[in-house]
Amino acid sequence: MAEGKACSCRKRFRGGASGYNCSFENKQLSDPVMQEHYTPSSIESAAQTKWEKNQVFRAIEDTSKPKYYCLCMFPYPSGKLHMGHVRNYTIGDVLSRYHRMQGYNVLQPMGWDAFGLPAENAAIANKVPPAKWTWDNIDYMRLQLKSLGFAIDWERELATCSPDYYKWNQWMFLRMLEKGIAYKKTQVVNWDPVDMTVLANEQVIDGRGWRTGALVEKREIPGYYLGITQYAEELLGDLDKLEHWPERVRLMQANWIGKSTGVRFAFPYELDGEAGQLWVFTTRADTIMGVTFCAVAAEHPLATHAAKNNPELAAFIEKCKHGSVMEADMATMEKEGMPTGIFVSHPLTGEQVEVWVGNYVLMSYGDGAVMGVPSHDERDFAFAKKYGLPINQVVGMEGKEYSLDAWQEWYGSKDGACVNSGKYDGLNYSAAVDAIAADLIAKNLGEKKVQWRLRDWGISRQRYWGCPIPLIHCDDCGTVPVPDDQLPVKLPEDCVPDGSGNPLLKRDDFLKCTCPKCGKPARRETDTMDTFVDSSWYYARYASPDNADAMVDERADYWMPVDQYIGGIEHAILHLLYSRFWSKAMRDLGLVSYDEPFKRLLTQGMVLNHIFSRRTDKGGIEYFAPEEVTAETDEKGRILSVKSSVDGLPVDYQGIGTMSKSKRNGIDPQALIEQYGADTARLFMMFAAPPEMTLEWSDSAVEGSFRFLRRVWKLAHDHISTGIVPAYTSGDLPAELKALRFQLHTLIQKVADDYGRRQQFNTAIAAVMEFLNAFAKADLKSDAGKAVAQEALETIALVLSPIVPHIADALWNELKPGSDILDQAWPKVDPAALVQDEIELVVQVNGKLRSNIKVAKDASKEVIEAAALADENVQKFVNGAPKKVIVVPGRLVNIVA
RNA sequence: GCCCGGGUGGCGAAAUCGGUAGACGCAGGGGAUUCAAAAUCCCCCGCUGAAAGGCGUGUCGGUUCGAGUCCGACCCCGGGCACCA
């Protein structure tokens, strides 16, 4: 059903597009004179129709050219494009079109990250099946993307909610199951006791369910995990190979993976006559002599045991089990604990140490228990102070006094040496760790261990709108994988979730099946996969989107890895790490041959806008779009108070944040495109800020981008209306034209550097604007002037074409009739144009700018120094002989007086 | 709380390797053109000062002939924190 839908809408679009393509050709024939005014709507539809008709962006494997696979993160089909999408896809389009001009065989595909929670929310709100809502959104957003004129190969379009696609999620999951990469264990989820449903983190607001307002509970349920930790070492090590990734992303991933080498050791104990061991992990084994307590997670077996005859402790444990599962909440909440009355022996001293239950100890990290060294761990220090536990200093630093009054930074330092630690006294950090580890190992109570912060990836979701996990539950055979020839397990597309649990549980036609092993009636798994699974390999599927028999084929060997990946910085960790892991898993199954899927990464900054909200009476949050509120501001423009324009009641201002559908603060680019055209929208987004930086939305500057395009059009029109001529190639020129050509050819270099190496487009645009200012001022009426004007205008069309392809196409049609700008190579720099005789240097005295001097390009240091000292203005600030003169070739002279 | 970014005129920003702070644009002011308006073109536009000059890149301190850029401490804003995508 999903597939049929996709096909029909593609046909619909093509039919619609061909309806107006004849107007373009008619205009060419009947109206050979260039329009005086810039009219984006006709220019843009003409260019887009031509591109679509000639299929110019179809990517075909061609080993005679270097390939360039340029990929933007595919959008979630939320309904409309927002400015973040325009930014993302324009960056990708500029890079794609630029590389095409540089001779690459370019692939730029597009698809839809089509499973996910918002479709279920929409279903709850509007009673529309998620499938219909999603496919309708895709149809609309595809049209929006097409109206922006991106050089996309639409033949490769995919949607993750199509069974053609998610069949391979299921197939891959079964292979991972066979290899032991996928496995089952319990997971902790947010449970809404009123709706009897699992909530996503974003559906929990201040510990309460978003719809019911009920206090959310933590609940342990079984789920499937992918063993990403099996790849932890490689995922960390290979970060070094990703030299074209931003350093900050590699850093974030390395910290996330979090390799720490330490010691895992045990506190022996005897409980009800039975011997046991409480295992903990620490990176600070050197402080082990300072242990004054141990803390275990609420779910730890010792806690459970102690709670049996201790109702107070049982209540505390119950309280710990409530509340959030989010790390941010865990880290900021008040650290609380309660003693269990159970004592364990210190493994080295034999001293008795009491075990506490701590709400800050995570069962999922390490062994679910930690040693407490309040003297040298800030969290333990606060905990000990709160509960009056002893604090024994065991690390000292020369010249530093240990005081129990307040925590000091150096207490946690690894730069000190052991004190009050018996035979370990005087040892530094690493020597102490080694000695203590050796002693623990000798006692059979410890081991050196590498601990990872990275946890295995839980992929089970108790939700409807996702890829079904291909398993069958049989009373006799247990959990049985769905055989490959029965894939895909198709999701029924007519369900309408109502917020109270997974609607698949009510669908007998989905649930009921026969056991593949014994043939008896059995029940299908109703959990679906995390949508990060869908996005972990779509980039590879674009290479072979039509293959019904294999996940990927040999065409992936041609296109992969992705040469340039572009997406929001918010994906720096999870999506990119999961994709890297999935690639390696595919490689180990022999499906692909690359180790890393993305060669070069550009992380664009988020597009931000103001967020307005109000509490609902149930304790949930209702968001207001910026146009639905009126704000009062102070003289500096800061928001003081906000009211709803509808009911006039106060609204909370939540500050600035990323544009998102859920927060209702997105700006729809449609109005912008309709008013100014796609080229202006594209130009403005590229001009407003460098791609990596966050961008606070403001629509006041759009006008300037439009004005610039109109100016380009007018200058070209003025030139063309007096007759086009061959572009200048060689011959003597007057100084003014020489200077203009110097600027033009510097511009070609500058823009190529900005597009290709720096990936910074705002400065490229500024450089073209600067050149255009000079061009407009120049006198180009002579024959030589006209030839240079032709050369300049052709060059401007070429260098701007990646950013504003429609106007560039139209200008090219006028400047070089009979040829297509898409077939043109990047303009060549004329070395003769770059020759300069004189250069200007800045002269500073004591680091302060005092003058400028002109010297011959190759003037010696002595000549430059003399010229600088001879300068009238410089002499005013220099009395007598200078102490020192610094000459920076080609830049400046600094005289130290 | 932890990890990662960012902070420069009224505003978006530039300064790419430590070398002219504010390119380019928006907004604003003045003028030209026009019967008028739109559009366009020209000039001004960090603060201070009559000028010479002085001050100025979140705050405080340091390194350097020279710091927006490097180092240390702090403040504010944004992103991520594993079930939003």
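Small disclaimer: the values here were computed from a predicted structure and weren't measured.
Backbone-only engagement by A:Thr658 is indicated by non-hydrogen atom pairs under 4.0 Å involving sugar-phosphate atoms exclusively. A:Val198 comes within 4.0 angstrom of a base, heavy atoms only. Counting non-hydrogen atoms under 4.0 angstrom, A:Phe877 reaches the backbone sugars and phosphates but no base. Using a 4.0 Å heavy-atom criterion, one finds that A:Tyr76 contacts the sugar-phosphate atoms exclusively. Base engagement by A:Leu892 is indicated by at least one non-hydrogen atom pair under 4.0 Å involving a base atom. Across all strands shown, A:Arg248 has heavy atoms under 4.0 Å from sugar-phosphate atoms exclusively, and none from any base.
A side-chain donor from one of A:Asp527 and A:Gln462 sits under 3.5 Å from a side-chain acceptor of the other. A donor-acceptor pair shorter than 3.5 Å can be found between the side chains of A:Asn773 and A:Arg711.
In terms of position along RNA chain B, the nucleotide closest to A:Leu251 lies nearer the 5' end than the nucleotide closest to the other residue of the pair A:Tyr578 and A:Leu251. Comparing A:Arg711 and A:Thr332 against RNA chain B, the residue whose closest nucleotide sits nearer the 5' end is A:Thr332.
Partners of A:Lys883 according to the salt bridge (charged side-chain N to carboxylate O under 4.0 Å, His left out) rule, which considers only residues two or more places apart in sequence or in another chain, do not exist here. Applying the side chain to side chain donor-acceptor pair (under 3.5 Å) criterion to A:Glu334, with sequence neighbours excluded, gives A:Lys386.
Between the CZ atom of A:Phe761 and the P atom of B:C24 there is a distance of 22 Å, given to the nearest Å. We find that CH2 of A:Trp452 is positioned 19 Å from P of B:C3, with the value rounded to whole Å. Per the geometry, CH2 belonging to A:Trp256 stands 13 Å off C1' belonging to B:G79, to the nearest Å. Rounded to an integer number of Å, the gap from NZ of A:Lys714 to P of B:A38 is 18 Å.
A:Asn255 contributes no side-chain N or O that forms a donor-acceptor pair with the base of B:C3 under 3.5 Å.
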Problem - Dot-bracket line, read 5' to 3' along RNA chain B, where crossing pairs take [ ] and | marks a partner on another strand, Watson-Crick or G-U under 3.5 Å - result: (((((((..(((......[....))).(((((.......))))).(((....)))..(((((..]....))))))))))))....
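Inter-residue side-chain proximity for A:Tyr38 and A:His717 is flagged as unmet; no heavy-atom pair is nearer than 4.5 Å.
Within 6.0 Å of atom NZ in A:Lys80, 12 or fewer heavy atoms from other residues, nucleotides or ligands are found, so the atom counts as exposed in its surroundings.
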